[in-house]
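First comes the structure, then the notes that go with it.
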Amino acid sequence: MNEFLHLARERGYIHQVTDEAALAARMAQGVLPAYVGFDCTADSLHVGHLLPIMLLRLLQRCGHKPVALLGGGTTKIGDPSFRDTQRPLLDDAQIEVNKAGIRRSFDAFLRFGEGASDAIMLDNAAWLDELAYIPFLREVGRHFSVNRMLTLDSVRMRLEREQAFSFLEFNYMLLQSYDFLELRRRHGVGLQLGGSDQWGNIIMGVELNRRADAAEVFGATTVLLTTASGAKMGKTASGAVWLNPERLSPYDYWQFWRNTEDADVGRFLRLFTDMPIAECDRLAALQGAEINEAKKILATEATALLHGREAAEASAETARATFEAGQAAETLPSITAALPASLLDLAVAAGLAASKGEARRLVGQSGLRLNDEVVSDIAREVTAEDLREGAAKLSAGRKRHVLVRAG
């Protein structure tokens with residue numbers, strides 16, 4: 001089997017492939033450019049985007065060429081896949097801001113340059129913004145069956161729920177397929193990668209290349225990733241786990257991985273680090289308290305990939321000092337507030353609770369602590385007297401901590 005496909009299956013990335021034998025044969029012939037598309041709906045990617053990025057990383061390690069496609073054009077419509085409602089439409093200025101933020105998320109994972117296997121970054125606005133509608137319909141639209149499009153799960157589920165599905169959104173799969181056509185014509189791209197929710201759209205792009213140009217291209221999807229408890233990967237009580245440090249500090253990113261459920265440790269080591277499979281399996285087999293050491297390794301290795309080894313080890317040391325040595329380390333995430341201030345308000349401002357109601361529930365469940373002491377009074381205020389070396393430590397549970405400084 002082809003090295004890339006073998007490693008991708010061994011590590012647990014691959015869910016579906018259009019024609020695996022033919023793809024392996026094509027990859028054996030030489031460098032194959034492969035792409036993943038990312039719409040610009042926020043100014044940072046998040047952990048939910050990591051699987052296809054890690055797959056591009058593996059592809060590059062195996063000598064092939066990653067193509068990161070920014071959806072400067074398709075973001076103006078919004079991907080309707082498996083959504084009950086239409087995405088909010090963003091203006092051009094916000095899309096540009098988001099594009100600039102997203103670009104930075106890739107630098108840690110891929111090697112960009114001019115070499116045969118160096119990654120490149122493109123923007124589909126380069127061709128989509130220039131489309132003339134009637135010629136587009138004649139060249140591309142004639143290859144699509146509306147009957148077939150209506151059977152795709154992403155469309156069918158919306159219609160079955162009797163949720164509105166606009167004609168604007170219905171065009172999205174045509175434009176995504178056209179991306180694949182243009183990428184092959186312009187850059188020789190022969191493989192599209194994406195999450196399993198993109199399978200229908202990917203198939204459409206493969207078929208468009210065949211019908212329009214009699215060209216053979218391929219598609220593959222990553223597994224649908226949920227945690228062992230069934231939760232959506234990359235979501236926490238305070239929101240998405242962002243990749244850019246302005247959105248989420250390296251320490252909080254480290255903590256996200258440290259809080260991995262026991263049953264997920266081995267799988268996440270294989271998917272989100274470059275560690276050898278044998279070592280991933282050894283760590284996953286640890287039992288009892290020893291599994292916590294495996295979680296720390298996962299957190300440090302995953303954080304090192306994104307933020308660098310120095311930031312990862314500093315985060316690990318911060319956690320050790322905070323949880324094992326009982327110190328309120330200066331490198332913990334912090335907020336500044338005018339004191340005295342309501343403890344509930346501070347919990348919301350610090351991202352430890354989504355609302356004051358949630359903060360009240362935390363107090364009622366003995367889940368909110370100030371300087372490591374359980375808070376039982378919802379009217380409690382944090383004052384200057386609560387500061388220890390210039391800060392008070394506010395905690396939700398035993399794993400989420402923020403320093404509150406007077407300002």
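Heavy atoms only: backbone and side chains are in, while hydrogens, waters and symmetry mates are out. Everything numeric in this text was worked out from a predicted model, so none of it was measured. We're numbering straight along the sequence, starting at 1.
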*Report the C-alpha separation of Thr303 and Tyr251 in whole Å, then their side-chain angles, then the decisive distance to 0.1 Å, and conclude whether the side-chain contact (heavy atoms from CB on, under 4.5 Å) test is met.*
CA-CA 9 Å; Thr303 304; Tyr251 175 81; over 6 Å; no

*Check against side-chain contact (heavy atoms from CB on, under 4.5 Å), Ile95 and Lys99*: CA-CA 6 Å; Ile95 290 174; Lys99 279 163 55 177; 3.9 Å; yes

*Could you walk me through whether Leu344 and Val363 pass side-chain contact (heavy atoms from CB on, under 4.5 Å), step by step?*
CA-CA 9 Å; Leu344 300 182; Val363 172; 4.1 Å; yes

_Phe38 and Thr75: CA distance, side-chain angles, deciding distance, side-chain contact (heavy atoms from CB on, under 4.5 Å) verdict_ = CA-CA 9 Å; Phe38 302 86; Thr75 303; over 6 Å; no

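Inter-residue side-chain proximity for Leu131 and Leu128 is flagged as met; some heavy-atom pair is nearer than 4.5 Å. For the pair Phe272/Leu306, no side-chain contact is recorded, criterion being any heavy-atom separation below 4.5 Å from C-beta on. Residues Lys76 and Asp129 form a side-chain contact, since some pair of their non-hydrogen atoms from C-beta on lies under 4.5 Å apart. In this structure, Thr273 and Arg11 have side chains that are in contact, with non-hydrogen atoms separated by less than 4.5 Å. Proximity of Asn201 to Phe180: side-chain heavy atoms (C-beta onward) are nowhere separated by under 4.5 Å. Contact check for Gln192 versus Val217: no side-chain heavy atoms found under the 4.5 Å cut-off. Between Arg267 and Leu225, the closest side-chain pair of non-hydrogen atoms falls below 4.5 Å. Between Thr300 and Arg309, the closest side-chain pair of non-hydrogen atoms falls below 4.5 Å.
Taking the six-membered ring for Trp and thresholds of 30 and 60 degrees, His49 and His46 have ring planes inclined between 30 and 60 degrees apart.
Of the candidates Leu50, Asp197, Leu55, Thr222 forms a side chain to side chain contact (heavy atoms under 4.5 Å, CB included) with just one, namely Leu55. Each of Lys295, Met275, Arg282, Glu301 was evaluated against Leu269; a single residue qualifies, Met275, per the side chain to side chain contact (heavy atoms under 4.5 Å, CB included) test.
Here the closest heavy-atom approach between residue His401 and residue Leu352 is recorded as N-CD2, 4.5 Å. Nearest heavy atoms, Val67 versus Leu183: CG1-CD2, 4.5 Å. In terms of heavy-atom proximity, Leu208 sits nearest to His143 at CD1-CD2, 3.7 Å. Shortest non-hydrogen contact noted between Phe112 and Asp118 is C-CB, 4.1 Å. Closest approach of Leu370 to Ala392, counting heavy atoms only: CD1-CB, 4.0 Å. Scanning both residues, Ile14 and Ala220, for their nearest heavy atoms gives CD1-CB, 4.4 Å.
Gln176 and Gln198 form a side-chain donor-acceptor contact under 3.5 Å, judged by distance and modelled atom types alone. Arg111 and Ser117 share a donor-acceptor pair across their side chains, judged by distance under 3.5 Å alone.
Counting non-hydrogen atoms of other residues, nucleotides and ligands closer than 6.0 Å to CD of Glu310 gives a total of 12 or fewer.
Rounding to the nearest 0.5 Å gives a distance of 12.0 Å between CG of Asn292 and CG of Leu298. Between atom CG of residue Leu51 and atom OG of residue Ser196 there is a gap of 9.5 Å, rounded to the nearest 0.5 Å. To the nearest 0.5 Å, atom CG of residue Leu56 and atom NZ of residue Lys65 are 12.0 Å apart. In this structure, Thr260 OG1 and Lys296 NZ are separated by 13.5 Å, a value rounded to the nearest 0.5 Å. With rounding to the nearest 0.5 Å, the separation of CG in Leu90 from CD in Glu96 is 11.5 Å. Distance check, rounded to the nearest 0.5 Å: CG of Asn124 to CG of Leu69 gives 5.0 Å.
His64 places a side-chain N or O within donor-acceptor distance of the main-chain N or O of Leu32, the cut-off being under 3.5 Å. Without hydrogens or angle criteria, Arg258 side chain to Ala299 main chain gives no donor-acceptor distance under 3.5 Å. A donor-acceptor pair is defined here as one N or O able to donate and one able to accept, closer than 3.5 Å; such a pair exists between the side chain of Tyr13 and the backbone of Leu271. A donor-acceptor pair is defined here as one N or O able to donate and one able to accept, closer than 3.5 Å; such a pair exists between the side chain of Ser44 and the backbone of Asn244. Remark: side-chain polar atoms of Asp39 are not paired, donor with acceptor, to backbone N or O of Thr41 under 3.5 angstrom.
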